[in-house]
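To start, the structure under review is shown below, and the notes come after it.
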Amino acid sequence: MMRTRPLKVALLGCGVVGSEVARIMTTHADDLAARIGAPVELAGVAVRRPSKVREGIDPSLITTDATALVKRGDIDVVVEVIGGIEPARTLITTAFEYGASVVSANKALLAQDGAALHAAAEANDKDLYYEAAVAGAIPLIRPLRESLAGDKVNRVLGIVNGTTNFILDKMDSTGAGYQEALDEATALGYAEADPTADIEGFDAAAKAAILAGIAFHTRVRLDDVYREGMTEVTAADFASAKNMGCTIKLLAICERAEDGASVTARVHPAMIPLTHPLASVRGAYNAVFVESDASGQLMFYGPGAGGSPTASAVLGDLVAVCRNRLSGATGPGESAYAALTVSPMGDVVTRYHISLDVADKPGVLAQVATVFAEHGVSIDTVRQQGKDGEASLVVVTHRASDAALTGTVEALRKLDTVRGVASIMRVEGE
């Protein structure tokens, strides 16, 4: 039997995502009520610019006083889609104190202060859901938090930023340079006017922190995630990748160490074999590859951003939280019982592709090979091309630690026969 009294929802933010959440709540009201077991009512919308026309939203619901809205006391669920650290953090904790559960899409805040937010939710016996914080419409947080709760996840490897994937895909498929591909992404609306958060990997790093924390039942903060951007990726790197049967993606990688005692989380460009499922992810799409003991390999794929896809994830959480409110229960909170050590990047073991500019004369290869051997880095393949006294030397290693590789490169730079290190790129997905 359906309850007639509606559950009241406060919406913080009414931009691309927030306006779509409001639209779906209105147009799909009957379906949402049937799925939840009670009507849901948009009780207020907090915005910064109240004069802006917002089609389909009753102007009487608009307010600039977000604090007063979450303090009303009759709000059942607060949906936070304003982003950033403050005032979002204070508004969310205030919402818990005044009796509301929270649905958020705020990856930056969750990556930085997720533990404190979970603690606040638990202290007030309320829900904190955030499916929309990672990979847009792709169901990922809930499968990791619930469907795989009985399994042991060992690795999460994914493309979690559509802007960077569009740029790299364009460079790969058309031969465009980085700036040309970025300009096209901006013109099509895939890149912001200031794309720093995307192209320098900050956005993906926040998502990696969230994924690693859930997958490994360990608190992983944004500061724990190693991050490299993709601005240094060149057409020459793609040519080298193709010679190896690879392409290049900006990857978020969360791994459990072989001994099970520690985990790592990192974001950086990497070569990935064309045979790997992530290699075929094109355009602005996202995909995440999960490896676990019992279920084996799973892949989640779909649109990772945009108003409608992100709103879909928000509404999914809204339905779940509203159902919990009706039953007097709460869903799963933070699971950090494992408390594994988060290891630094120097401990990460992977393969490397190194391109060197060297003198074209006898003995150079032997010198380079000796340096690799002295630092315990085993060479898989070497390719050398020379002309007019200069040469390029491409070395692909077997698996080695980042610390060992760093020491190797520092020693190579000291050789008189090495003119420079053109590029270093990790090789993943094998």
Item to complete: Using a 4.5 Å cut-off on heavy atoms from C-beta on, say whether the side chain of L7 contacts that of V77.
Response: no
Discussion item. Does any part of the side chain of V348, heavy atoms only, come nearer than 4.5 Å to the side chain of M345, both counted from C-beta?
Written reply: yes
Response to the item:
Closest non-hydrogen contact found for I199 with T231 is CD1-CG2, 3.8 Å
Worksheet item: At their closest point, which heavy atom of C322 faces which heavy atom of I36, and how far apart are they?
Response: CB-CG2, 3.6 Å
Worksheet item: Sequence neighbours excluded, which residues qualify as ring-ring contact (aromatic ring centres under 6.0 Å, His included) partners of H276?
Response: F289
Worksheet item: Looking only at heavy atoms, what is the nearest atom pair of G18 and L11, with distance?
Response: O-CD2, 3.4 Å
Fill in: Spacing of CG belonging to L109 relative to CG belonging to L222, to within rounding of 0.5 Å
11.0 Å
Worksheet item: Do any N or O atoms from the side chain of R221 and from the backbone of Q112 form a donor-acceptor pair under 3.5 angstrom?
Response: yes
Fill in: Electrostatic pair R351-E428, nearest N-O below 4.0 angstrom
no
Discussion item. Salt bridge check, E80 against R89: does any charged N sit closer than 4.0 Å to a carboxylate O?
Written reply: no
Practice prompt. Without swapping roles, check the side chain of T174 against the backbone of M171 for a donor-acceptor pair under 3.5 Å.
Written response: no
Item to complete: Output the distance between atom CZ (R219) and atom CG (L340), rounded to the nearest 0.5 Å.
Response: 13.0 Å
Worksheet item: Considering residues, nucleotides and ligands other than E41, do more than 12 of their heavy atoms fall under 6.0 Å from its CD?
Response: yes
Worksheet entry | Candidates V103, T310, I141 - the one meeting side-chain contact (heavy atoms from CB on, under 4.5 Å) with E131 | I141
Discussion item. Donor-acceptor check, side chain of K170 to backbone of A181, threshold 3.5 angstrom: yes or no?
Written reply: no
Worksheet entry | Pair N161-T164, side chain to side chain donor-acceptor pair (under 3.5 Å): steps then yes or no | CA-CA 6 Å; N161 183 276; T164 54; 3.2 Å; yes
Worksheet item: Is E97 atom CD crowded by more than 12 heavy atoms from other residues, nucleotides or ligands, each under 6.0 Å away?
Response: yes
Worksheet entry | Full working for side-chain contact (heavy atoms from CB on, under 4.5 Å) between L42 and T26 | CA-CA 8 Å; L42 189 59; T26 301; 5.6 Å; no
Discussion item. Could you report the tightest heavy-atom contact between A43 and K8, atom names first, then the distance?
Written reply: CB-CB, 4.0 Å
Discussion item. Test your reading of the model: is there a side-chain donor-acceptor pair from R23 to the backbone of E55, 3.5 Å cut-off?
Written reply: no
Worksheet entry | Derivation and outcome, side chain to side chain donor-acceptor pair (under 3.5 Å), residues N154 and D293 | CA-CA 7 Å; N154 297 308; D293 276 1; 2.7 Å; yes
Worksheet item: Just wondering, do S378 and F372 contact through their side chains at under 4.5 Å, heavy atoms?
Response: no
Worksheet item: With a 3.5 Å cut-off and no angle check, do the side chains of T196 and D194 form a donor-acceptor pair?
Response: yes
Response to the item:
Separation between OG (S343) and CZ (R256), nearest 0.5 Å, reads 12.5 Å
Fill in: Salt bridge E228-R266, side-chain N to carboxylate O under 4.0 Å
no
Worksheet item: When you measure from the side chain of D224 to the backbone N and O of V220, does any donor-acceptor pair fall under 3.5 Å?
Response: no
Discussion item. Can you confirm whether the side chains of S60 and D58 place a donor and an acceptor under 3.5 Å from each other?
Written reply: yes
Fill in: Check: S19 main-chain N/O paired with R54 side-chain donor or acceptor under 3.5 Å
no
Worksheet item: Side chain of T218, backbone of F216: donor and acceptor closer than 3.5 Å?
Response: yes
Worksheet entry | CD/E232: more than 12 non-hydrogen atoms of other groups inside 6.0 Å | no
Response to the item:
Rounded to the nearest 0.5 angstrom, the CZ-OG1 distance for R49 and T64 is 12.5 Å
Item to complete: Using a strict cut-off of less than 4.0 Å between a Lys/Arg side-chain nitrogen and an Asp/Glu carboxylate oxygen, indicate whether E291 and K152 qualify as a salt bridge.
Response: no
Worksheet item: Hey, does the Lys NZ or Arg CZ of R145 hover above the aromatic six-ring of Y129, less than 6.0 Å from the centre and inside 45° of the axis?
Response: yes
Worksheet item: So which heavy atom on A311 is nearest to which on E20, and how close?
Response: CB-CG, 3.7 Å
Worksheet entry | Worked verdict on S262 versus T341 for side chain to side chain donor-acceptor pair (under 3.5 Å) | CA-CA 5 Å; S262 64; T341 300; over 6 Å; no
Worksheet item: Counting N and O atoms only, with roles assigned by atom type, does the side chain of K107 sit under 3.5 Å from a partner on the main chain of I210, one being a donor and the other an acceptor?
Response: no
Worksheet item: Taking side chain as C-beta onward, heavy atoms only, is L315 less than 4.5 Å from V21?
Response: yes
Practice prompt. Hey, could you give me the OG/CD1 distance between S312 and I24, rounded to the nearest 0.5 Å?
Written response: 6.5 Å
Discussion item. Checking T406 against E410: is there a side-chain donor and acceptor pair closer than 3.5 Å?
Written reply: no
Worksheet entry | Full working for side-chain contact (heavy atoms from CB on, under 4.5 Å) between L251 and H268 | CA-CA 6 Å; L251 298 177; H268 53 72; 5.6 Å; no
Worksheet item: Sub-3.5 Å donor-acceptor pair from the side chain of T93 to the main-chain atoms of T90, do we have one?
Response: yes
Worksheet item: Passes side-chain contact (heavy atoms from CB on, under 4.5 Å), V427 versus Y352? Steps please.
Response: CA-CA 5 Å; V427 183; Y352 291 87; 6.0 Å; no
Worksheet item: Are the side chains of S101 and D76 in touch, meaning some heavy atoms are under 4.5 Å apart?
Response: no
Practice prompt. Check whether any side-chain heavy atom of T63 sits under 4.5 Å from a side-chain heavy atom of V47, and report yes or no.
Written response: no
Fill in: Matching residue for R282 among N165, D172, D169 - test: side-chain hydrogen bond (donor to acceptor under 3.5 Å, both in side chains)
D169
Worksheet entry | Partner set under ring-ring contact (aromatic ring centres under 6.0 Å, His included) for Y98, not counting sequence neighbours | none
Practice prompt. Would you mind reporting whether L128 and H118 have side-chain heavy atoms less than 4.5 Å apart?
Written response: yes
Discussion item. Looking at D317 and R142, is there a salt bridge between them, counting it only when a charged N and a carboxylate O are closer than 4.0 Å?
Written reply: yes
Discussion item. With heavy-atom distances below 4.5 Å as the criterion, would you say the side chains of L250 and L168 are in contact?
Written reply: yes
Item to complete: Taking all heavy atoms of I82 and all of P87, pick out the closest pair and write down the distance.
Response: CD1-CG, 4.3 Å
Discussion item. Nearest 0.5 Å, please: how far is CG in L356 from OG in S392?
Written reply: 9.0 Å
Discussion item. Closer than 3.5 angstrom, by distance alone: can the side chain of T397 be matched with the main-chain N or O of R399 as a donor-acceptor pair?
Written reply: no
Discussion item. Is it true that Y190 and D198 share a donor-acceptor pair across their side chains at a distance under 3.5 Å?
Written reply: no
Item to complete: Please lay out, stage by stage, how T330 and D127 fare under the test side chain to side chain donor-acceptor pair (under 3.5 Å).
Response: CA-CA 6 Å; T330 55; D127 276 324; 4.5 Å; no
Worksheet item: With sequence neighbours excluded, what pairs up with D237 under the side chain to side chain contact (heavy atoms under 4.5 Å, CB included) test?
Response: V233, T234, I248, S423, M425
